[in-house]
Protein chains: 2
Amino acid sequence: MASSQPVRRNTRQRQVVWGELKKLKSHPTASELYDIARQRLPRISLGTVYRNLELLVENGAVRKLEVGGGEARFDADMGEHCHVRCLRCGRVDDLHDLPGTKLPERFTCSNGYDIIGHRLEFIGYCPECKRPEAEKNNENPCSEGG
Amino acid sequence: MASSQPVRRNTRQRQVVWGELKKLKSHPTASELYDIARQRLPRISLGTVYRNLELLVENGAVRKLEVGGGEARFDADMGEHCHVRCLRCGRVDDLHDLPGTKLPERFTCSNGYDIIGHRLEFIGYCPECKRPEAEKNNENPCSEGG
DNA sequence: ATCTATGCAAAGCTTTTGCAATCGT
DNA sequence: ACGATTGCAAAAGCTTTGCATAGAT
């Protein structure tokens, strides 16, 4: 039962990346977080942001959200909650008030998988991207939104 | 109400990409599908596979699964169902027999989002990747699996 | 003093795009 | 014949990695 993990050092960069992420409710991408961190540590590199995020995820301090679209997003809120993603602008918000839903956590399903968790992501339009009813018919539905 | 979409041609490449995808239950990535299509059309290019998949998604014939990890996966089964992803090998399977769950489809939530759909992905270990109980404690949990 | 972590730049990987040639209609 | 579609190759975008140096313990 040897702990093969190296001793982690509490660097300024790590403090800032985690500290800034915890302040935000906006689930930033790595490069957004890089821009924010740079305001405090002008010489920090994007690679360092990625490396620290990866480490924080491994340590269970941060959650990586691989939502649709391009970049991964990061969330320092480890409480159980799911997310809403805007189809138009890509913004991601928390969803804590899901109308009475209880998904099973651990079970074995008929195809033999041993389930240990799930990921639930709602898809829609954020307040800023809502449009008048009339427009809605002209929109192609999201590939996974239906 | 002008239909600005160009007329679609029924090319051999498109037939093969869609045809092979429909035969598979395995949710292949674009490059897996490319390898398969190449057995029938040796000169097809990866770009063509991507372009046809994109078109099929737009037309509602194929669903794009942006699951965790790197590559997107594609599914020609448009019926309502969700997916199970193996934490170890990345394989994705269907999950039709979800124990009594009913998620709300369309609603407006308190943060103002207009929800039109959702994405539910279960995470666990596939039959081939299951290990003895004793091993399970040494595994780092998935970033989004808990 | 040791060895993890950093900054920088290059490389990796998936996906997209420009262009001349091809082929479905 | 027209123009959507293709193959090819280059480019784009996000993320990872190699390496010498800096810095936490």
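Note on naming: letters A, B, ... go to the chains in the order of the sequence lines (proteins, then strands), and numbering restarts at 1 for each one. FYI, side chains are in, hydrogens and waters are out, and symmetry mates aren't considered; it's all heavy atoms of this structure. Given the structure is predicted, the values throughout are model-derived calculations rather than measurements.
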In the structure I gave you, are the side-chain heavy atoms of B/Leu95 and B/His83 within less than 4.5 Å of one another anywhere? no
Should B/Thr108 and B/Tyr113 count as side-chain neighbours, where that means a heavy-atom distance under 4.5 Å? no
What is the distance, to the nearest angstrom, from the CD atom on B/Glu71 to the P atom on D/dT15? 15 Å
Considering every strand and a 4.0 Å limit on heavy-atom distances, what is the contact class for A/Arg51: base, sugar-phosphate, or nothing? base
Quickly work out the A/Asp35 CG to D/dC14 P distance and round it to whole Å. 12 Å
Between A/His81 and A/His27, how do the two ring planes meet: parallel, tilted or perpendicular, split at 30° and 60°? tilted
Applying a 4.0 Å non-hydrogen cut-off, can you work out what A/Ile44 is touching in the nucleic acid: base, sugar-phosphate, or nothing? sugar-phosphate
So, is B/Gln13 near the phosphate of D/dG7, with a side-chain N or O under 4.0 Å from OP1 or OP2? yes
Quick check for you: among D/dC8, C/dC8, C/dA5, whose closest atom lies nearest to any side-chain atom of A/Arg43? C/dC8
Residue pair B/Thr29/A/Val7 against DNA chain C: nearer the 5' end by closest nucleotide is A/Val7
Whole-Å gap separating P (C/dT15) and CG (B/Leu53): 10 Å
From C/dT4, D/dC14, D/dG7, nucleotide with atom closest to A/Tyr50 side chain: D/dC14
Rounded to whole Å, the CG-P distance (B/Asn52 to C/dT15) equals 15 Å
Let's see if you can work this out: which of C/dT16, D/dT6, C/dT25 has an atom nearest to the side-chain heavy atoms of B/Thr48? D/dT6
Is there a side-chain polar atom (N or O) of A/Thr11 under 4.0 Å from OP1 or OP2 of C/dT6? yes
Out of D/dT5, C/dT6, C/dT4, whichever nucleotide has its closest atom nearest the side chain of B/Arg14: D/dT5
If we only count heavy atoms from C-beta on, is the B/Val84 to B/Asp94 side-chain gap below 4.5 Å? no
To the nearest Å, give me how far apart CG (B/Leu41) and P (C/dG24) are. 11 Å
Donor-acceptor pair (no angle test) under 3.5 Å: B/Arg9 side chain, D/dG3 base: yes
What is the distance, to the nearest angstrom, from the CZ atom on B/Arg12 to the C1' atom on C/dT25? 18 Å
Go through D/dT15, C/dT25, C/dT15 for me and flag the one nearest to the B/Asn10 side chain. C/dT25
Residue met sooner reading DNA chain D from 5', once A/Arg8 and A/Glu54 are mapped to nucleotides: A/Glu54
Do B/Asp75 and B/Arg73 meet the salt-bridge criterion of a basic N to acidic O distance under 4.0 Å? no
What is the distance from CG of B/Leu55 to C1' of C/dG24, rounded to the nearest Å? 15 Å
To the nearest angstrom, how far is A/Tyr34 atom OH from D/dT15 atom C1'? 14 Å
